[in-house]
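Whatever order the structure lists them in is the order used to number ligands and atoms, beginning at 1.
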Amino acid sequence: LLNQDTYLVNGELKKWDGQTSAVFSTISSTEKYEPTILGSIPFMGEKEGLEAVHAADVAFNNGQGLWPTMKVADRIKCMTRFVNQMETTRDVVVKYLMWEIGKSLPDSQKEFDRTVEYIYDTIEDYKQLDRNSARFTKSQGVNAMVRRGPLGVVLCLGPYNYPLNETFSLLIPALIMGNTVVFKPAKNGVLLISPLLEAFKNSFPAGVINIVYGRGREVAAPIMKSGKVTVLALIGNSTSAIALQDQHPNKNRLRLILGLEAKNPAIVLADADLDLAIQECISGSLSFNGQRCTALKILYVHEDVVKEFNKRFAAKVDALVFGNPWDKAVSLTPLPEKEKPAYIQELIDDAIDKGAKVINEKGGEHSPNFIFPAVLYPINKEMRVYHEEQFGPVVPIISFKDIQEPLNDMAESNYGQQVSLFGKDIKTIAPLIDTLVNLVCRVNLNSSCQRGPDIYPFTGRKDSAVGTLSIHDALRSFSIRTFVASKDN
Ligand code: G3H
């Protein structure tokens with residue numbers, strides 16, 4: 001059993017002896033894949049939350065603390081020390097990723113390596129940013145030396161599906177820009193932080209990074225209520241983001257950096273290369289069992305090709321292999337959220353009640369913590385799966401006659417992260433791109449939606465995001481431009 005009983009506040013690794021919550025492993029040695037207890041995590045509350053935010057606030061000290069005033073080169077030394085130490089934990093963190101969230105071995109390795117690379121690239125970009133911004137400019141007789149400064153205390157909450165990579169895409173830029181942080185990992189994803197606690201402690205001055213665990217409403221709400229948080233940086237759902245925002249006594253002062261829900265569509269035009277479209281739609285909708293905010297969550301297929309598309313797509317889905325994360329050539333793994341299979345089943349039942357069919361043979365097959373992906377057709381707007389972000393293994397398909405149909409749906413949608421467009425004729429595609437970029441923030445041509453490479457901006461319109469992440473943009477999101485001005489005399 002893995003019992004996470006250590007947290008980090010004010011540079012000290014503290015032992016927790018209060019209430020704990022059981023963590024279920026997503027994987028099991030039994031044939032049935034029944035969840036088994038993996039360990040326990042602390043259930044922290046107001047006391048620990050306030051202790052952590054107080055430490056971060058004191059370390060920031062209204063911008064006068066050691067960290068926000070530290071020379072760029074020294075801050076880089078701390079970050080480099082951290083990433084060097086982190087690299088030594090690869091094997092154990094990869095193992096935790098598999099046990100705790102059910103990510104396959106290659107994807108877990110990729111998540112770790114991508115995170116390390118992200119940190120090194122951020123350090124390089126930060127050097128560049130500092131070189132570029134610390135320059136004199138002159139306008140209308142005023143000389144200015146512009147630079148980027150930190151914002152204050154950041155409360156950082158990461159998601160369970162990328163507990164390392166996506167969480168660190170908030171944490172690392174926040175830290176390197178001179179902010180201080182309180183970090184609360186998602187419930188599935190606490191254990192894998194434990195091998196990194198020493199690295200955090202050894203690399204940053206006391207109070208710069210504080211790590212607590214628990215339920216948002218118990219540990220994060222009091223942190224917000226304290227009024228000491230300047231930036232709420234959260235990747236997750238809008239309900240939690242709004243609930244936390246509402247706790248802040250002075251919302252006007254609060255900055256938000258949020259990665260929220262998405263319902264990314266694929267649009268398959270009549271002249272699309274179907275082999276390519278099917279292959280990309282499979283990985284786009286079902287890699288990591290569809291538990292990605294960038295997953296394709298609804299497929300629009302032109303009526304001329306929908307029959308052929310459905311037949312081949314359904315057969316390919318049925319050929320996907322389910323197993324434990326370390327098994328070779330596995331593409332489907334057990335689901336870490338206990339309630340997920342029942343929720344996916346509800347979506348399937350609702351769609352069937354309203355006229356859809358499960359078009360693949362294995363669709364909906366159950367075990368206690370797994371449900372085989374169901375491909376649903378035809379979908380209409382009455383169905384829950386048309387509106388809800390399923391974040392799991394169910395793929396709804398709609399056919400269309402006129403391209404305006406998916407465009408209208410996208411315009412009406414509450415979300416606006418990305419779209420995938422499959423087609424060959426550039427004369428059709430070019431004007432469509434001009435429309436699509438005004439509906440979402442990234443148009444993927446003949447390829448599935450994704451966040452990376454991490455150098456590109458990652459954001460969304462409407463309810464999908466606030467602020468922009470990426471190696472480059474996040475440094476700007478977590479800082480403010482300031483300048484020193486002097487007049488020509
Ligand atoms: O859950 C949302 C992630 O940002 C997805 O990232 O496209 O690299 O899998 P990814």
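- For the pair Phe458 and ligand 1, a heavy-atom separation below 4.0 Å is found.
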Pair up each side-chain donor or acceptor in residues 473-480 with any protein partner under 3.5 Å, not counting sequence neighbours, and list the distances.
residue: Asp473; atom: OD1; partner: Ser470; partner atom: OG; Å: 2.7
residue: Arg476; atom: NH1; partner: His472; partner atom: O; Å: 2.8
residue: Ser477; atom: OG; partner: Thr468; partner atom: O; Å: 2.6
residue: Ser477; atom: OG; partner: Asp473; partner atom: O; Å: 3.2
residue: Ser479; atom: OG; partner: Arg148; partner atom: NH1; Å: 2.9
residue: Ser479; atom: OG; partner: Leu475; partner atom: O; Å: 2.7
residue: Ser479; atom: OG; partner: Arg476; partner atom: O; Å: 3.4

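- For the residue pair Asp125 and Thr122, no side-chain donor N or O sits within less than 3.5 Å of a side-chain acceptor on the partner.
- Residues Ser420 and Glu280 bring no donor and acceptor atom of their side chains to less than 3.5 Å of each other.
- At a 4.0 Å heavy-atom cut-off, ligand 1 does not touch Lys110 at all.
- Defined by atom type and a distance below 3.5 Å, a donor-acceptor pair is present between the side-chain atoms of Glu337 and Tyr160.
- For the residue pair Tyr343 and Glu388, a side-chain donor N or O sits within less than 3.5 Å of a side-chain acceptor on the partner.
- In Phe288, neither the side chain nor the backbone holds a heavy atom less than 4.0 Å from any atom of ligand 1.
- For the side chain to side chain donor-acceptor pair (under 3.5 Å) test with Asn264, the passing option among Lys297, Gln417, Gln450 is Gln417; the others fail.
- Among the atoms of Cys293, some N or O lies under 3.5 angstrom from an N or O of ligand 1.
- Of all atoms in ligand 1, listed by their number and element, those nearer than 4.0 Å to a heavy atom of Asn161 are 1 (O), 2 (C).
- Ranking protein heavy atoms by distance to atom 6 (O) of ligand 1, first place goes to Arg451 NE, 3.0 Å.
- Taking a cut-off of under 4.0 Å to the non-hydrogen atoms of Thr294, the atoms of ligand 1 that pass are 2 (C), 5 (C), 6 (O), 7 (O), 9 (O), 10 (P).
- Atom numbering of ligand 1 starts at 1 in the shown order; those under 4.0 Å from a heavy atom of Arg114 are 8 (O).
- Residue, atom and distance of the protein heavy atom nearest to atom 9 (O) of ligand 1 are Tyr162 OH, 2.4 Å.
- Using a 4.0 Å cut-off to heavy atoms of Gln450, the atoms of ligand 1 that qualify are 7 (O).
- By the 6.0 Å contact criterion, CD on Glu361 is open, its count of non-hydrogen atoms from other residues, nucleotides or ligands being 12 or less.
- Neither the backbone nor the side chain of Gln291 comes within 4.0 Å of ligand 1, counting heavy atoms alone.
- Taking the ring centre of Tyr162 as origin, the terminal cationic atom of Arg451 falls inside the region bounded by 6.0 Å and 45° from the ring axis.
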